[in-house]
Amino acid sequence: MPHAAIALFQKTFGVAPRAAASAPGRVNLIGEHTDYNGGPVLPIAIAERTTAVVGAAEDGLLEAVSSNGGAVVRMGWQEELPAGWGAYVGGVLRELWAAEALPPGGGVRVAVTSDVPVGAGLSSSAALTVSTAKAVAELAGAKLNGRQIAGVAFRAEQDHVGVRCGVMDQTIAALGKTGHALLLECASLEVKQIPFRARLLLVNTGTRHDLATGALNERRVECEAAVKQLKIELLPELVWLASWPAEWLPRLKRALKDPIRSRAVHVVGETARTRFGAQLLSQGKLKAFGALMYESHESCRRLYQCSAPELDTVVHAAKRAGALGARLTGAGWGGAAIVLVGKGEKKIVDAIKRAFVKAYGREPAISDVKASAGARPEKAG
Ligand code: GLA
C-alpha cells in the first residue's frame, strides 16, 4: 500500500515524501455505545488499512490529496477547516501543533490511500486521523507513543471536526496487535491485550449510515440526561453512566423514564457483558462469548435502538444457521455485522446470503476478519 500513496504524493506535489505511516480500520467484538459512557470496549484491528505519506509544505499550509478522488485540499489549517475529509487532517495538525509535534513552520503535505470501506461502521475516519498523526509526528521527529497518537486523533475528530465519538476507534487503530482483541476501559484508559484467533466473518450490509452521526449525538445527549437525573436523585458522585452498579438496576429503572431509561439499561448491561466477555475470551470459551454477542445485539436493537432491519436479518439468519454469535458492530443504524463461526461455516454463509437476498434482492459482502496490527511506520521511499 505505501507504493500507491508514494506515487500519488509524487504525482501531486512533484517531490518525494519524507515519512509514512499506516493505521487499520476496526470491528468491535462487544461493548457498543459504552466508550463515551466511560465503560469497556473490546475491538480488534482489521487487515484493511489507510496509509498516509507526508512531506513539508510552505509555512502554515496544509496540502492534502486522497486516492478517493476530489480536488487537492489546500488551506491555512490554523485559520480554517474545509468540509469533508480535509477537516480530519487539519484537526490532526492543530492537535500535533498543541503537542509540539509539528515540523518547524507547520507546513505539511499529505497523500492518503485506503482500503478501509467508508460508511460501513469500520472506522475509516480513525484510520485516517491515526495514520496521518503518526506520519506527521515521524516527519517532525517527535516521539509520540501509541496512546498520545490516539489522543491527538481523538481530539482532532471530537474538538475540530465535531463528531462526538468516544475513544475506542482511535485507540484500537493506534494500539491494535495481530492476533489480539483490545480490552479498553474508557474511563481509566487501562488496556489489556486478549488473544483472539476465532473465525470471524464481516457482513457488510451495504447500507450507509450517514444518518448515524445525528443519531449518535442524540444518544449522547440522552445518556448525559440519564447521568444528570441519577446524580440528582440517587448518586451525586456519579460521573460515568457505565459506572452505575449493575445490582442497582431496579433503582435506575424507577428513577428514569423512557427512552432515557432504555438507553441507560443498555449501557449498564453492555458494560457487564463486555467485562465478562473479555474473561470468557481469554479462557477460550467461544460458545459462551457468542451468546453474549447475541444478547448485545438484542440490547442494541431493543433498548438503544441503533440497529437496522438489514443488520437484524443477518444476525437472525446467522443464529438460525448455528453461528456461535452475531451482532452489529460500530455505531449501528446500518453498516456491518460480525458473525462468530464455529462449525459449518459454509452453511452459515449460505443461510445469511439466502435470507438477505430474499429480503433485499441483493447479496451482502461477506469477508473474513483477522485481528491485525495497529498503526505502524512505513517506508517513505
Ligand atoms: C462510533 C463511535 C465510537 C463508538 C461507537 C459505538 O463508532 O465512533 O466511538 O461510540 O460508535 O460503540
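Being a predicted model, the structure only gives us computed values, none of them experimental. Remember, it's 1-based here, ligands and their atoms both numbered in the order they're listed.
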Just go through H33, E270, R220, Q170 and tell me whose heavy atom is the nearest to atom 6 (C) of ligand 1. H33
Looking only at heavy atoms, what is the nearest atom pair of K347 and A321, with distance? NZ-O, 3.6 Å
For atom 1 (C) of ligand 1, closest protein heavy-atom neighbour: A331 CB, 3.8 Å
Atom indices of ligand 1, in the order listed, that fall short of 4.0 Å to a heavy atom of R26: 7 (O)
Flag side-chain contact, heavy atom, 4.5 Å: D312 against H297: yes
Against heavy atoms of Y36, which atoms of ligand 1 measure under 4.0 Å? 10 (O)
Excluding sequence neighbours, so at least two apart, what forms salt bridge (Lys or Arg N to Asp or Glu O under 4.0 Å) with R74? E63
Which heavy atom of the protein is the closest neighbour of atom 10 (O) of ligand 1, given with residue, atom name and distance? D35 OD1, 2.7 Å
Note: ligand 1 atoms sitting under 4.0 Å from heavy atoms of M168 are 4 (C), 5 (C), 12 (O)
Identify whether the distance between the nearest side-chain nitrogen and carboxylate oxygen of R275 and E185 falls below 4.0 Å. yes
Return the orientation label for the H33 and W333 ring planes: parallel under 30°, perpendicular over 60°, tilted otherwise. perpendicular
For atom 2 (C) of ligand 1, find the nearest protein heavy atom and state the residue, atom name and distance (0.1 Å precision). D169 OD2, 3.6 Å
Restricting to pairs with a member in residues 350-381, which pass ring pair (Phe, Tyr, Trp, His ring centres under 6.0 Å), not counting sequence neighbours? F356-Y360
May I ask you to test the V73-V89 pair for a side-chain heavy-atom distance under 4.5 Å? no
Interfacing atoms of ligand 1 (cut-off 4.0 Å, heavy-atom, E32): 6 (C), 12 (O)
Within 4.0 Å of some non-hydrogen atom of G166, the atoms of ligand 1 are 9 (O)
